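One structure below.
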Amino acid sequence: MTVLDAPAGTAAPAGPSEGIVSVFVRLKLTLLRNGLRQSSGRKAAYISSMVFALLLAVAQVIGLVALRGNAHATALVVLLTGVLALGWAVMPLFFPSGDETLDPSRLVMLPLRPRPLIGALLVASLVGIGPLFTLCLALGSVIAVAHGAAAAVTGVVAVPLTLLVCVALARSVATANVRLLTSRKGRDLAVLSGLVIAVGLQFVNFGMQRIGRAGGLSSLEPAADVVGWLPPASAIGAVGSVSEGAYGRAALQLLISVLALVVLVWLWERSLSKLMTAPDGSTLAAAEPARTKSGTSRSGLFSLLPEGRTGTVMERSLRYVARDPKTKATWVTALAVGLIVPLLNALQGTGSVYLACFAAGMLGIQMYNQFGQDTSAFWMVSLTISSTRDAYEELRARALALLLITLPYTVLVTVLTSAVLGDWEALPEVMGLSFAVLGAMLATGALASALYPYSIPQDGAFKNVAPGQAGLAWISILGGMVASALLCAPVIALTITLHVSDLRGWLWLLLPVGAAYGALIAWTGVRLAAPRTARRLPEILAAVSKG
């Protein structure tokens with residue numbers, strides 16, 4: 001156990017009577033404390049997020065307790081628990097918490113068996129803001145629906161069972177995917193995982209909207225009847241069943257959650273065993289057939305690209321999308337979310353055709369941090385940039401490669417959204433707005449790539465920013481999005497003017513105007529970014545090579 005205590009720094013050596021569980025709990029607390037000492041910004045962010053989560057948890061408990069006695073309280077708390085569990089399944093992958101203490105890939109060289117390690121990791125996982133928030137929600141839910149001594153006793157079992165299932169679900173998913181984005185053989189699964197994560201996040205979002213939008217709790221009963229049999233919501237549902245006197249149904253619901261916990265722990269153990277004992281697929285020598293082709297001529301669809309530097313850069317960018325695991329996962333996620341948000345809102349009857357612009361925004365973000373996406377290979381690209389002209393051709397080709405995907409995708413999403421809503425009259429103006437948004441994001445993305453580059457680490461599956469560069473990433477993306485919105489102001493103002501002036505017959509002009517304005521602003525952004533890229537090439541190379 002002394003090996004585990006070594007990174008903790010200030011942690012006391014483990015005594016012979018102490019188990020692995022206490023070591024891992026102390027290890028997490030020590031590393032968390034030492035991590036917060038690294039910078040005041042990190043400490044402030046953690047403390048503020050903790051205070052916000054605690055305030056939200058307290059408000060949620062008070063609100064749930066206020067529902068006590070409501071005939072439909074069980075439906076609400078069951079759905080809340082189901083949405084929370086879905087969040088536990090997808091959020092740790094899409095929004096990593098930065099908890100390196102529980103990263104199992106850091107334990108592969110230690111002489112630890114998976115089974116006792118599972119117990120230690122599970123207990124250590126209960127330390128944090130997320131588990132505390134989940135505990136508060138489960139406790140408030142039980143108080144809201146428990147009536148009678150039998151229901152209270154069931155609640156004593158349901159609360160920790162709900163928390164354990166959520167934590168085990170998150171850790172089993174995270175462990176199964178820990179090599180996902182670092183293994184070459186896992187790149188196809190990375191695409192599927194990115195799609196599942198994107199869809200899962202959107203269903204979490206729409207689930208929360210559904211709950212908040214429900215005019216009466218009785219409208220939630222049909223969905224709650226289904227979710228009440230899914231773990232860990234079934235554990236909370238069991239408390240409501242006992243309150244209603246349905247003891248057999250309650251026992252079955254509790255059993256479902258218990259079995260789910262057992263299965264999740266078993267899957268977690270299998271994934272952990274494979275991680276700690278099986279070789280990484282990327283390290284195995286692959287017997288590939290000898291290449292018979294020679295030369296550099298392009299084949300397939302790549303042969304349609306222009307010759308010279310433009311075609312070469314476009315091909316390189318497109319091959320990154322097709323082959324690099326992190327780039328592919330990012331693209332698939334953006335494509336999925338950009339389609340899901342407008343279509344699901346349209347199918348629910350609450351959407352607007354203008355939400356189709358969201359798709360252009362999601363793909364426009366891919367223009368940001370262009371050089372950081374190259375990771376350590378950017379030094380080879382930098383050798384080919386010796387003038388402003390070279391930098392301009394490099395950025396222009398990257399933008400053109402992105403447009404090969406984003407332009408037809410934007411048209412597709414806009415047409416589908418208009419078809420679902422039956423609002424074909426708004427199609428030209430929305431498509432023009434989408435083109436303007438896309439052009440503005442290409443412009444700001446090119447400038448942000450030159451001014452605020454940051455490194456994307458390759459040693460962590462779920463790390464997208466190198467330590468110490470989070471501020472650059474936030475400035476690059478958020479600042480660029482705000483600037484893009486301001487750049488789109490003329491087209492937005494023209495749209496509003498035509499509507500207010502009742503000149504709907506001229507709204508079709510927004511399509512050519514938006515397309516021309518988007519092209520002009522994108523070209524201007526690339527032209528402005530080129531001299532800055534050429535001048536700041538050493539700084540850019542140092543920034544993207546930091547991870």
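Everything numeric here is computed off the predicted structure, so don't read it as measured data.
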Donor-acceptor check, side chain of [X] to backbone of [Y], threshold 3.5 angstrom: yes or no?
X      : Y      : value
Ser449 : Phe371 : no
Arg171 : Val265 : no
Tyr368 : Gly480 : yes
Tyr409 : Leu335 : yes
Thr417 : Ala356 : no
Ser243 : Val145 : yes
Gln253 : Gly228 : yes

Check whether any side-chain heavy atom of [X] sits under 4.5 Å from a side-chain heavy atom of [Y], and report yes or no.
X      : Y      : answer
Leu84  : Phe133 : yes
Leu416 : Leu339 : yes
Val123 : Phe24  : no
Trp331 : Leu402 : yes
Leu318 : Ile405 : yes
Trp229 : Arg249 : yes
Asn369 : Tyr452 : no
His147 : Glu244 : no

How long is the span from the [atom1] atom in [X] to the [atom2] atom in [Y], to the nearest 0.5 Å?
X      : Y      : atom1 : atom2 : result
Leu79  : Asp225 : CG    : CG    : 9.5 Å
Leu117 : Ser273 : CG    : OG    : 9.5 Å
Ile236 : Thr154 : CD1   : OG1   : 11.0 Å
Leu254 : Leu259 : CG    : CG    : 11.0 Å
Ile456 : Asp374 : CD1   : CG    : 9.0 Å
Leu56  : Ile129 : CG    : CD1   : 12.0 Å

Taking all heavy atoms of [X] and all of [Y], pick out the closest pair and write down the distance.
X      : Y      : result
Ala543 : Pro453 : CB-O, 3.6 Å
Ala150 : Tyr247 : CB-CE2, 4.2 Å
Ile256 : Pro231 : CG2-CD, 3.8 Å
Ala158 : Ala235 : CB-O, 3.4 Å
Ala233 : Thr81  : CA-CG2, 3.8 Å
Val227 : Gly82  : CG1-CA, 4.1 Å

Leu139/Val61 under side chain to side chain contact (heavy atoms under 4.5 Å, CB included): CA gap, chis, key distance, verdict: CA-CA 8 Å; Leu139 184 61; Val61 170; 5.7 Å; no

Verdict with supporting geometry, Leu80 and Leu64, side chain to side chain contact (heavy atoms under 4.5 Å, CB included): CA-CA 11 Å; Leu80 278 175; Leu64 291 173; 4.0 Å; yes

Other residues, nucleotides, ligands: >12 heavy atoms within 6.0 Å of Arg270 CZ: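 Result for CZ/Arg270: open.
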
Criterion side chain to side chain contact (heavy atoms under 4.5 Å, CB included) on Thr330 and Gln366, from CA distance to verdict: CA-CA 8 Å; Thr330 302; Gln366 308 308 313; 3.2 Å; yes

Check against side chain to side chain contact (heavy atoms under 4.5 Å, CB included), Leu126 and Val167: CA-CA 7 Å; Leu126 299 177; Val167 173; 3.8 Å; yes

The single option from Thr134, Val258, Leu264 passing side chain to side chain contact (heavy atoms under 4.5 Å, CB included) against Val165: Leu264

